[in-house]
Structures are given as structure tokens and as C-alpha cells.
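Everything numeric in this text was worked out from a predicted model, so none of it was measured.
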Amino acid sequence: MIYLDNSATTKPDASVLQSFIQVNEKYYGNPSSIHKMGGEVEKLQTKAREQAAQLLGVHPSEIIFTSGGTEGNNMAIKGIALQHQQRGKHIITSSIEHPAVYDACLSLEKLGFTVTIIPVNEHGVVEVEALKAAITDETILVSIMHVNNEIGAIQPIEEIGEIVRKHKKIFFHVDAVQALGKVPVLIKRANVDLCTFSGHKINGLKGTGLLYVRDGVTLFPLFHGGGQEHALRSGTENVAGNVAFVRALRLILECEAKEGEHLRHIQQQLLDGLAEIKHIYVNSTVEGAPHIVHFSVPGIKPEVLIHALYEKGIILSTKSACSSKQDDKSRVLEACGKSNEIATSGIRVSTSYHTTEAEIKQFLSVLRSTVTQLKGILG
């Protein structure tokens, strides 16, 4: 099988799995316990936090371990809104955010908040001038993703961070789940206040992740209880998962430094190959993230093509795995101004550092024959 659905989830690295198993076998005590075993586990947790901070270029006190992207996004967005609502009840986000951000923001409207959804251009990049125009005296949060999970568009977070920095009471949240390890995430340089990461997107484990919270930023906790994770995420810590996440983080950053050109080469191979196949409309650009290439095949339902390719040993998807079983129409493509025909026939190819040129060549060959066959059947 050729696996091209890495933006949905990645295969866990063997050493990441091994670290998880070893910690569970040897350090299974509760880190909050006062006995020696608990203390040893707490030290392991502290070490993991320090290593994560070093890898991301931040302070250990700014690291909150989570269960992944959805929790991190909700913790950041709702935590800011509920904690700082006396300063204003206006939130700004974009039309192409992951559901964990988009729906989290909209859910706050039920609590009296106002949400402004700013547009993107035809390539899925946020309109910065629209962001500037949307800011009011009531604005307390701007939440913009770094890399779009569907078409790979890279957002100008440094430019946005500079705009937000001029408004002292506005916080800047970035969903960097799809950026980590593929596009440099410069938290401090971009003036980011909160940043979300997920383990299973970087050859780590599902149920692991991290939220960066800049020192001095206060959140209303979604979980109350024992006061773990700086009292922002009560509950017994998943120390084994956190150690495994840090291992995955180290490995993916090493891959980014050493093999970044490989991903770019694969991306170009895909873009060139897709451009030569009849009936295909490419939605991604070479300026986007190197691991995501999105295209549409008007007239063929995405699920039909995906199942046909699966039967031939190719695994890929339509859009965000979190919403792929819902309506066919892509909110992201619709926001980019694509026609209904394009927006309802999207397919996402997402590669990894393990994807080979030979696999892409085979995929393109199988795709060409499959599209031709389906078009012949469907007329």
C-alpha cells in the first residue's frame, strides 16, 4: 500500500513507540504522589517539558501538555475568551480554519461573543487588510492557522503577529498542527501568544500534544481538579505520552533540517504530474506547505475515487479527517472562490519524509488510469 494520508495521521515512529512502552513499564507511578516513585515520574515529566521548550525555543513554563490539536485549540480559544471577556467579546478567525478552531469560535456566540470570519484569496491565504479592518475596541483574540490542513496554504503569521502586537489587549493564537516539522514555526519572532501542536501528525502517538502559552498570558481552565499543568489542565498527567511526544518532536525537527528538500521535490513531482492528467484541477500551489497537494476531479464524487484508488493500493483522503464524513462540499475551497463543481470533488494528497519518488510515480500512473476509467463509466 502507498500511504498518502499523512495530514490525517502518521505512522508512529518505532523509537517513539518504544519510549512510550518503556516509560509505562518503568515509570508508571502517579507524578502527583509524594512517594519516591511519584517523584521519579515527576522528574521525567519535568525533563520532557524542558526538552520540548528547548526544541521550540521557548521557556519550560510556557509548555502545557495536552491530548492533541482539538484540545489545544479549544483550551486556547475558550480559555482566552472566558478569562478576558471583561476586556471585550470580539474574536477574529478565518474562513479556512480547521473545525477545532472554526467551530470553537462559533460556539462562543452562544455566550454572547461576536465572531468575525475574515476572507482568504484564491490561493487560501488570509487577507491581511481584512484582518486589520476587522479589529475593534472589543477584539480580544485573533486565531489564524499557520498551514491549512486541506490545501496547504501558508498563512502570513509573522505579518499578522506584528499587527496584533500593536493592540495590547489582543491575544494571538496559531494552530500550527500542520506546520510542525514541515514549515518553520518561529513562535517568538511571530509574536504568538498561544500555539497548538499535535503528536500524531509528526509520527508520534494519538492522544498527545502541546499548547504553548506565553508567560504572562492567563487562561480560564477547561478542566478543574488537581491543578496539574500549571492549573490549566487538571488530571493525572500522561507522562509516557508526553515523553513520546517530545521524542517525536525531536525526530521531526531533525527531518525538517536534513530532508526538507526531499518534501519539496516530492511536491513538485506531484504538481507536475497532476498538471498532465486530463480532468484534474489542482487547488494547491508550489508556495504552499511541501507535504500537502490538493486537487479536484469535477464530475467524480471524492468517495468514489478514494475507494477506487484504495482497491489499487493507494490511501488518501478528501479534506480534514475530522470532517471528511460530512458534506462533500469543502468549506475551504468554497472560501477560495472555487466553483461548486470544484468544491465538491476535492482530493488531498499528504506526504511524509518517508514518501518516495517511486511511490509518487506509481500513484500518478494509477490515478491517471483510474480517472480515465471512471470518466468513461460516468460519461
Side-chain angles (χ1 to χ4, degrees), residues 53 56-59 61-64 72-98 100-102 104-106 108-109 111-121 123-148 153-180 183-197 210-220 232 287-289 335:
L56 293 172
V58 301
H59 302 297
S61 58
E62 298 175 316
I63 299 293
I64 306 297
N73 286 334
N74 275 267
M75 181 185 291
I77 293 165
K78 296 175 182 176
I80 286 292
L82 296 176
Q83 182 73 10
H84 301 282
Q85 57 185 310
Q86 76 282 356
R87 296 162 65 172
K89 303 187 78 170
H90 180 231
I91 295 168
I92 299 173
T93 190
S94 83
S95 55
I96 49 91
E97 297 299 313
H98 186 278
V101 168
Y102 193 84
C105 288
L106 292 183
L108 290 167
E109 291 182 329
L111 299 180
F113 289 83
T114 301
V115 179
T116 297
I117 299 173
I118 59 174
V120 295
N121 65 20
H123 302 303
V125 178
V126 164
E127 299 280 9
V128 175
E129 290 304 314
L131 171 64
K132 287 181 182 178
I135 293 174
T136 73
D137 291 339
E138 284 288 306
T139 308
I140 58 169
L141 175 67
V142 171
S143 181
I144 303 292
M145 67 191 344
H146 194 171
V147 169
N148 179 258
I154 300 174
Q155 306 307 320
I157 63 165
E158 286 188 41
E159 188 177 354
I160 293 170
E162 187 62 29
I163 293 168
V164 174
R165 190 176 66 86
K166 296 175 182 177
H167 300 268
K168 298 301 182 184
K169 77 172 187 178
I170 303 178
F171 298 95
F172 182 29
H173 167 246
V174 172
D175 174 352
V177 167
Q178 288 294 344
L180 186 59
V183 176
V185 182
L186 304 173
I187 294 174
K188 296 295 185 179
R189 197 164 88 182
N191 297 298
V192 175
D193 295 305
L194 306 110
C195 196
T196 306
F197 302 101
L210 180 156
L211 176 67
Y212 160 79
V213 181
R214 180 177 59 78
D215 281 341
V217 173
T218 57
L219 301 176
F220 185 89
L232 290 177
E287 289 80 21

Quick one: does [X]'s side chain have a donor or acceptor within less than 3.5 Å of a partner on [Y]'s backbone?
X	Y	value
Asp193	Phe172	yes
Glu97	Met145	yes
Glu162	Glu159	no

Gap between atom [atom2] of [Y] and atom [atom1] of [X] - 0.5 Å precision:
X	Y	atom1	atom2	value
Ser94	Ile160	OG	CD1	8.0 Å
Leu194	Asp175	CG	CG	12.0 Å
Asn191	Ile157	CG	CD1	10.0 Å
Ile170	Ile80	CD1	CD1	12.0 Å
Leu232	Ile64	CG	CD1	5.0 Å
Phe113	Ile140	CZ	CD1	5.0 Å

With [X], which residues qualify under side chain to side chain donor-acceptor pair (under 3.5 Å), at least two apart?
X	result
Thr93	none
Asp215	Ser61
Thr218	His84

Any side-chain heavy-atom pair from [X] and [Y] closer than 4.5 angstrom?
X	Y	value
Glu127	Asn121	yes
Val125	Gln155	yes
Val183	His146	yes
Thr139	His167	no
Val192	Arg214	no
Thr116	Thr136	no

Looking at every non-hydrogen atom in both residues, tell me the closest pair between [X] and [Y] and how far apart they are.
X	Y	answer
Ile77	Ala100	CD1-O, 4.5 Å
Val185	Ala179	CG2-CB, 3.9 Å
His59	Ala53	C-CB, 3.6 Å
Val128	Pro156	CG2-CG, 3.8 Å
Ala176	Phe197	CB-CE2, 3.7 Å
Ala134	Ile118	CB-CG2, 4.1 Å

Check against side-chain contact (heavy atoms from CB on, under 4.5 Å), Leu56 and Ile63: CA-CA 10 Å; Leu56 293 172; Ile63 299 293; 4.3 Å; yes
Can you check side-chain contact (heavy atoms from CB on, under 4.5 Å) on Gln178 and Asn148, steps first, answer last? CA-CA 7 Å; Gln178 288 294 344; Asn148 179 258; over 6 Å; no
Take Val174 and Tyr212, measure what side-chain contact (heavy atoms from CB on, under 4.5 Å) needs, and give me the verdict at the end. CA-CA 10 Å; Val174 172; Tyr212 160 79; over 6 Å; no
Stepwise side chain to side chain donor-acceptor pair (under 3.5 Å) test for His90 and Asp137: CA-CA 9 Å; His90 180 231; Asp137 291 339; over 6 Å; no
Counterpart residues, salt bridge (charged side-chain N to carboxylate O under 4.0 Å, His left out), relative to [X] (two or more places apart):
X	answer
Arg87	none
Glu62	Lys188
Lys132	Glu129

Yes or no on side-chain contact (heavy atoms from CB on, under 4.5 Å) for His173 and Thr196, after CA distance, side-chain angles and deciding distance? CA-CA 8 Å; His173 167 246; Thr196 306; 2.9 Å; yes
